[in-house]
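To start, the structure under review is shown below, and the notes come after it.
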Protein chains: 2
Amino acid sequence: MNELFAFFASFQELSSTEKKALAPLCSELKLKKNEELQPIGHTCRNIYFIKKGVARIYYYKDGVDITESFSFEGSVIVRVESLFLGVPSQKAIQVLEESEIVAIHAPGLFRLYDTFPLIERLFRKIFEKGYVETVQRLESLQFHTAEERYKALLNENADVLRRIPLKYIASYLGITQVSLSRIRAVSR
Amino acid sequence: MNELFAFFASFQELSSTEKKALAPLCSELKLKKNEELQPIGHTCRNIYFIKKGVARIYYYKDGVDITESFSFEGSVIVRVESLFLGVPSQKAIQVLEESEIVAIHAPGLFRLYDTFPLIERLFRKIFEKGYVETVQRLESLQFHTAEERYKALLNENADVLRRIPLKYIASYLGITQVSLSRIRAVSR
DNA sequence: GGATTCCTTTTACATTTGTTAAATAATCAC
DNA sequence: GTGATTATTTAACAAATGTAAAAGGAATCC
């Protein structure tokens, strides 16, 4: 749990009262490689903090497995479209390594917002950061070629390449695995 | 200003105290067609509410004008990556019709957050909605073909097609104008 | 540790999209 | 209104990406 509160502190200082209010909402999970954290079709009621491991959000388009995003240790992973709209998500969350996850119960969290404005502020800041990252990702998809996106990924997060199968990276970049293979062959 | 407070009320009820605190931060602007609301290179210090008209966020990639997003009357337009990170933005905001805009002074707004948790909540909700829309947009770019994206736009927001030049819509869809023209020729 | 399964690359060909340039259509300024 | 400007479409060719199938490598499971 320490990792989680260190993550929180990097956004917003909390008093011990607030920490005590948050703690009961958090439960630790251990998952084996490739296990699902959240299945398709469920409404998202948890915010997941990755203590150890990697996770991805994915879904199926015409039967093809598509990765929307990756998250690594020290960050959160959430199906925001489901969490904020309260509707079932067509996306699933899966861990790609043996992982340790802290699940934060969202309905309980949202109730705390009325009593603890600093908790509301904390999560506002967490999601503002996620928002910015999503805008930057959008930019990359909208205006850069597949090769540019691949090279940018290589620069910004080489860890992705080491820890995540290329078949997942391909759809994350918005291309097929064959196309990614070709791009890699050229830049070698 | 009424339109703005109606927009606020659709997210969060405010007392008259809170409204009175917000009002001095809001200033109305009138812009002629194609005028710039915010130039490239400036740090975003305003949240813009569109009372009347349309606006777009755009920038230049290799000298080519690229549209990141459109916003219509009754919604806000913000360069979030600049507003939340406090860094200069390479993007500009331009109106595409004669428009009436309400500028909300962001540094002043953020100071109100300490005194008025409901104002903080209001903007949390506004940006959560923007976050969700951005995730959905990302999905569309990552997994759908240009033709699918064009048709989806036609269904969801046919107004775009009526009010916005195709050259801007093309880069918004992540394709060239020639390619968009071809897609339109086929589906006719 | 050998067989099996899964991951990645390669090949060949089809399709889509980009690029450049020109033609046509629509809009704007005076 | 008319000429000039801007927007959109079309054409021809080049480059990038998709699809399907096969082959080579790597990892995994008794």
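A, B, ... follow the sequence lines: proteins, then strands. Residue 1 opens every chain. Since the structure is predicted, the reported quantities are computational estimates derived from the model, not experimental observations.
- The existence of a salt bridge linking Lys33(A) and Glu98(A) is excluded, since no basic side-chain nitrogen approaches an acidic carboxylate oxygen closer than 4.0 Å.
- The other residues sharing a hydrophobic cluster with Ile40(A) are Tyr58(A), Tyr60(A), where clustering joins ILVMFWY side chains under 4.5 Å apart.
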Solution key, residues 126-135 of chain A side-chain donor-acceptor pairs under 3.5 Å, sequence neighbours excluded:
from	atom 1	to	atom 2	distance (Å)
Glu128(A)	OE1	Arg124(A)	NH1	3.4
Glu128(A)	OE2	Arg124(A)	NH1	3.0
Thr134(A)	OG1	Gly130(A)	O	2.8

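- Remark: Arg137(B) qualifies as a cation-pi partner of Tyr172(B) under the 6.0 Å distance and 45° angle criteria applied to the six-membered ring.
- For Leu112(B) against Ala21(B), the heavy-atom pair with the smallest separation is CD1-O, 3.6 Å.
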Check the interface with nucleotides 18-23 of chain C: list each N/O to N/O pair with the protein under 3.5 Å, or write none.
from	atom 1	to	atom 2	distance (Å)
dG18(C)	OP2	Thr176(B)	N	3.1
dG18(C)	OP2	Thr176(B)	OG1	3.2
dG18(C)	OP2	Ser179(B)	OG	3.4
dG18(C)	N7	Arg182(B)	NH2	2.7
dG18(C)	O6	Arg182(B)	NH1	3.0

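- A straight line from CD1 of Ile183(B) to C1' of dT10(D) spans 15 Å, rounded to a whole angstrom.
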Can you list, pair by pair, the side-chain donor-acceptor contacts under 3.5 Å of residues 79-88 of chain B, counting residues two or more places apart and other chains?
from	atom 1	to	atom 2	distance (Å)
Arg79(B)	NH1	Pro39(B)	O	3.2
Arg79(B)	NH1	Lys91(B)	O	2.3
Arg79(B)	NH2	Gln38(B)	OE1	2.6
Arg79(B)	NH2	His42(B)	O	3.3
Glu81(B)	OE2	Ser89(B)	OG	2.9
Ser82(B)	OG	Cys44(B)	N	2.8
Ser82(B)	OG	Val87(B)	O	2.6

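- We find the CD1-CG distance between Ile104(B) and Asn46(B) to be 8.5 Å, quoted to the nearest 0.5 Å.
- In the helix from dG1(C)-dC30(D) to dC30(C)-dG1(D), the rotation axis of the first five pairs and that of the last five pairs differ in direction by 60°, rounded to 10 degrees.
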Which protein N or O atoms sit under 3.5 Å from an N or O of nucleotides 25-30 of chain C?
from	atom 1	to	atom 2	distance (Å)
dC28(C)	OP1	Lys33(B)	NZ	3.1

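- In this structure, Lys32(A) places its NZ atom 15 Å from P of dT28(D), rounding to the nearest Å.
- For the segment residues 60-70 of chain A, the set of residues with a heavy atom within less than 4.0 Å of an atom of DNA chain C is empty.
- By the 6.0 Å contact criterion, NZ on Lys61(A) is enclosed, its count of non-hydrogen atoms from other residues, nucleotides or ligands being greater than 12.
- Side-chain nitrogen and oxygen atoms of Arg184(B) include none within less than 4.0 Å of the OP1 or OP2 phosphate oxygen of dT8(D).
- Nearest heavy-atom pair, Phe70(B) versus Phe72(B), reported as atom, atom and distance to 0.1 Å: CB-CE1, 4.2 Å.
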Within the sub-3.5 Å range, which N or O atoms of nucleotides 4-6 of chain D have a protein N or O partner, and how far apart are they?
none

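- Taking a 4.0 Å limit (strictly below) on heavy-atom distances, residues 141-166 of chain B reaches DNA chain D at Pro165(B), Leu166(B).
- Residues Leu166(B) and Leu161(B) meet the side-chain proximity criterion, which asks for heavy atoms closer than 4.5 Å.
- Through direct or indirect side-chain contacts shorter than 4.5 Å among Ile, Leu, Val, Met, Phe, Trp and Tyr, Leu29(B) is connected to Leu31(B), Leu37(B), Tyr48(B), Ile50(B), Ile57(B), Ile77(B), Ile93(B), Val95(B), Ile101(B).
- Applying the ring-ring contact (aromatic ring centres under 6.0 Å, His included) test to Tyr113(A) and every residue at least two apart in sequence or in another chain returns Phe110(A).
- Take Tyr59(A) and apply the ring-ring contact (aromatic ring centres under 6.0 Å, His included) test, not counting sequence neighbours, and it matches Phe143(B).
- Heavy atoms from other residues, nucleotides or ligands lying under 6.0 Å from CG of Asn34(A) number more than 12.
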After noting the C-alpha distance and the side-chain angles of Lys51(B) and Glu73(B), does the key distance pass the salt bridge (charged side-chain N to carboxylate O under 4.0 Å, His left out) rule? CA-CA 5 Å; Lys51(B) 195 168 145 182; Glu73(B) 49 274 301; over 6 Å; no
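- You'll find the side chain of Arg149(A) reaches within 4.5 Å of the side chain of Ser140(A), heavy atoms only.
- With respect to Glu13(B) and Lys19(B), no salt bridge is recorded, no charged nitrogen being found less than 4.0 Å from a carboxylate O.
- The cationic atom of Arg184(A) (NZ for Lys, CZ for Arg) does not lie both less than 6.0 Å from the six-membered ring centre of Tyr150(A) and within 45° of the ring axis.
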